[in-house]
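Input: a single structure, listed below in structure tokens.
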Amino acid sequence: MSQTPRRIALVTGANKGIGFAIVRALCKQLDNGIVYLTARSEERGREAVAKLSQEGLQPKFHQLDITDPASVTKLRDFLKETHGGLDILVNNAGMAFKVNATESFGVQASVSMATNFTALLEMNRVLVPLIRPHGRIVNVGSFTGRLYAFEKMSKELQGRFQGVKTEQDVEQLMQEFVTCANAGDHMSKGWANSAYATSKMGVIALTRVQAADIAKDKTKEDILMTCCCPGYVSTDMSSFKGTKTIDEGAITPVYCALLPPGSAEFNGKMFSDKELYEFW
């Protein structure tokens, strides 16, 4: 009898916080799997793997800077050559400026968008072609995308988000926001005053579009892309003010990563606390 190939999972931004906890949970829950913990810093990534090894888990490390195209390409080539593909991709890496950040709003918008939206878009463009049948792609979004971006933007912009059909439609909206933020007129143009929330709204919109593209591609059998909000988690990103532990924050992303066959109705949808989170 031929052996079932091992399922390969990969988590971005995983040397600490929610990403670290997602790796821990996948190591425990993924049957016949190999879980890659990726991080920008080789040193911190290997330290994180060593920590999980002490718990009796066996993640593997691969360096990855999602904002560096060469690093993403190197990872893709490694996965192709070593495993022939990928089964689970959790796009967890992201950043947020602190409330007391001294950078101008334009800089905050540019940097937040480059990391939280553009790098994720490019990751999916490069790695989704490697995803095998029954694969799962999970984009870590945030309910701030709804509360502090969508609900605070003009009706006209809301309508444009609701009407997105292509990756380029979403990219254009995100570029417009950054341009307005740098010009200092984003609010008068109908945008919300949060760079982080707007970048995460971009992720939610992108999930819809890319998931629809996957569904149309008949070669991609039972591949699902979802988006989720982990909740308000106690990490350095929330200045440790969050109400959830990192392991509690990992629950919904891992739930999405392990959605069983026959879950096609969830493709392109957003989850929070393992429940559908619909708002547009």
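Just so it is clear, the values below take in all heavy atoms, side chains as well, and ignore hydrogens, waters and symmetry mates. Along the sequence shown, residues are numbered consecutively beginning with 1. Every value quoted in this text rests on a predicted model; they were computed, and no experiment measured them.
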- Test item: Asp68 and Arg40 side chains (from C-beta on) under 4.5 Å apart, heavy atoms: no

- Item | Pairs satisfying side-chain hydrogen bond (donor to acceptor under 3.5 Å, both in side chains), at least one member in residues 141-156, at least two apart | Ser142-Thr144, Arg146-Glu151

- Pairs satisfying ring-ring contact (aromatic ring centres under 6.0 Å, His included), at least one member in residues 193-248, at least two apart: none

- May I ask you to say whether Asp222 pairs ionically with Arg136, meaning some side-chain N is under 4.0 Å from a carboxylate O? yes

- Minimal non-hydrogen separation, Val35 against Val23, with atom names: CG1-CG1, 3.9 Å

- Correct closest heavy-atom pair for Gly141 and Pro230 would be O-CD, 3.8 Å

- Message: Is there a side-chain contact between Leu75 and Leu127 in this structure, where contact means two heavy atoms from C-beta onward sitting under 4.5 Å apart?
- Response: yes

- Message: If the threshold is 4.0 Å, N to carboxylate O, is there a salt bridge linking Glu176 and Lys189?
- Response: no

- Please round to the nearest 0.5 Å and tell me the distance separating atom CG of Asn124 and atom CD of Glu167. 8.0 Å

- Task: Mind listing the closest non-hydrogen atom pair of Ala149 and Gly145 along with its distance?
- Result: CB-O, 3.2 Å

Pairs under 3.5 angstrom only: tabulate donor-acceptor contacts from the side chains of residues 9-21 to other protein residues two or more places apart or in another chain.
unit_1 : atom_1 : unit_2 : atom_2 : d
Thr12  : OG1    : Asn92  : N      : 2.9
Thr12  : OG1    : Ala93  : N      : 2.9
Lys16  : NZ     : Asp236 : OD2    : 2.7

- So does Arg125 have more than 12 non-hydrogen atoms from other groups sitting under 6.0 Å from CZ? yes

- Query: How far does CD1 of Ile137 sit from SG of Cys256, to the nearest 0.5 angstrom?
  - Reply: 12.0 Å

- Item | Heavy-atom closest contact (Phe61 atom, Leu37 atom, distance) | CD1-O, 3.2 Å

- Phe279-Leu173 co-clustered via ILVMFWY side chain contacts under 4.5 Å: yes

- Query: CD of Gln162: more than 12 outside heavy atoms within 6.0 angstrom?
  - Reply: yes

- Note: Ile214 and Met225 closest approach over all heavy atoms is CD1-CE, 4.0 Å

- Item | Contacts of Lys274 that satisfy side-chain hydrogen bond (donor to acceptor under 3.5 Å, both in side chains) - sequence neighbours left out | none

- Message: Is there a side-chain contact between Met174 and Leu206 in this structure, where contact means two heavy atoms from C-beta onward sitting under 4.5 Å apart?
- Response: no

- Task: Verify the neighbour count for atom CD of Gln168: are there more than 12 heavy atoms of other residues, nucleotides or ligands below 6.0 Å?
- Result: yes

- Is it possible for you to say whether Met123 and Val140 belong to one hydrophobic cluster, with membership spreading through side-chain heavy-atom contacts below 4.5 Å? no

- Below 4.5 Å, heavy atoms only, C-beta onward: do Thr207 and Met270 meet side chain to side chain? no

- Message: Rounded to the nearest 0.5 Å, what separates atom CG in Asn116 from atom CE in Met201?
- Response: 14.5 Å

- Message: As an exercise, state the distance from CG of Leu57 to NZ of Lys51, rounded to the nearest 0.5 Å.
- Response: 13.0 Å

- All pairs passing salt bridge (Lys or Arg N to Asp or Glu O under 4.0 Å) where residues 75-101 contributes a residue, at least two apart: Asp87-Arg132

- Quick one: ring pair (Phe, Tyr, Trp, His ring centres under 6.0 Å) partners of Tyr255, sequence neighbours excluded? Phe271

- Message: Contact between Leu89 and Leu130 at the side-chain level, heavy atoms closer than 4.5 Å - yes or no?
- Response: no

- Task: Flag yes if Val203 and Trp191 sit in one hydrophobic cluster, no otherwise; membership is Ile, Leu, Val, Met, Phe, Trp, Tyr, and two members link when side-chain heavy atoms are under 4.5 Å apart.
- Result: yes

- Less than 4.5 Å apart, any side-chain heavy atom of Phe177 and any of Phe117? no

- Query: Side chains of Ser112 and Met95: does their closest heavy-atom pair fall under 4.5 Å?
  - Reply: yes

- Item | Arg208/Asp169 salt bridge by N-O under 4.0 Å criterion | no

- Message: Checking Phe143 against Tyr277 for the ring pair (Phe, Tyr, Trp, His ring centres under 6.0 Å) test, could you report, in this order, the C-alpha distance in whole Å, the side-chain angles of both residues, the deciding distance, and whether it holds?
- Response: CA-CA 9 Å; Phe143 58 74; Tyr277 182 81; 7.1 Å; no

- Message: Hydrophobic clusters here meaning ILVMFWY residues chained together by side-chain heavy-atom distances under 4.5 Å, can you tell me if Leu121 and Val178 are in one?
- Response: yes

- Can you find a pair of side-chain heavy atoms, one from Ile88 and one from Leu258, that are under 4.5 Å apart? yes

- Message: Nearest 0.5 Å, please: how far is NZ in Lys269 from SG in Cys227?
- Response: 12.5 Å

